[in-house]
Amino acid sequence: QQGYVLMLRVNSAALNNLPGTTGHFILAHSYTDHAFICHDPGGSPEEGTARNNHADRIIPDADLMLAASPSSPPVAGETSILIAIKPKNN
């Protein structure tokens, strides 16, 4: 809402309700009604989804905070990598 894009390192397995740990990056570009709208370039033939299948994936904030936690088990509010980018206005 402030014009930032957030790049987060997440556990893709946790984000997709799968067992295990898989490192993955997503971009959160919008926020609405307690959910982030993200570009999630994930997916693979092994998972049965095409790459870049989630251009505007809606992820509830609680789910995203758990998937972004570096702890095992995950702890909401801890993030391993968070980069905030705000483009300059011309």
Do [X] and [Y] make a side-chain contact, defined as non-hydrogen atoms from C-beta onward lying under 4.5 Å apart?
| X | Y | value |
| --- | --- | --- |
| Phe36 | Asp61 | yes |
| His24 | Asp40 | yes |
| His29 | Asp56 | yes |

Restricting to non-hydrogen atoms, name the atom on [X] and the atom on [Y] that form the minimum distance, rounded to 0.1 Å.
| X | Y | value |
| --- | --- | --- |
| Leu64 | Cys38 | CD2-SG, 4.5 Å |
| Leu15 | Arg57 | O-NH2, 3.4 Å |
| Gly20 | Ala13 | O-CB, 3.4 Å |
| Ala28 | Leu8 | CB-CD1, 4.2 Å |

Atom [atom1] of [X] and atom [atom2] of [Y]: how far apart are they, to the nearest 0.5 Å?
| X | Y | atom1 | atom2 | value |
| --- | --- | --- | --- | --- |
| Ile26 | Ser12 | CD1 | OG | 9.0 Å |
| Phe25 | His39 | CZ | NE2 | 14.0 Å |
| Ile59 | Asn16 | CD1 | CG | 8.5 Å |

By side-chain contact (heavy atoms from CB on, under 4.5 Å), which residues pair with Ile58, not counting sequence neighbours?
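Expected list: Ala35, Ile37.
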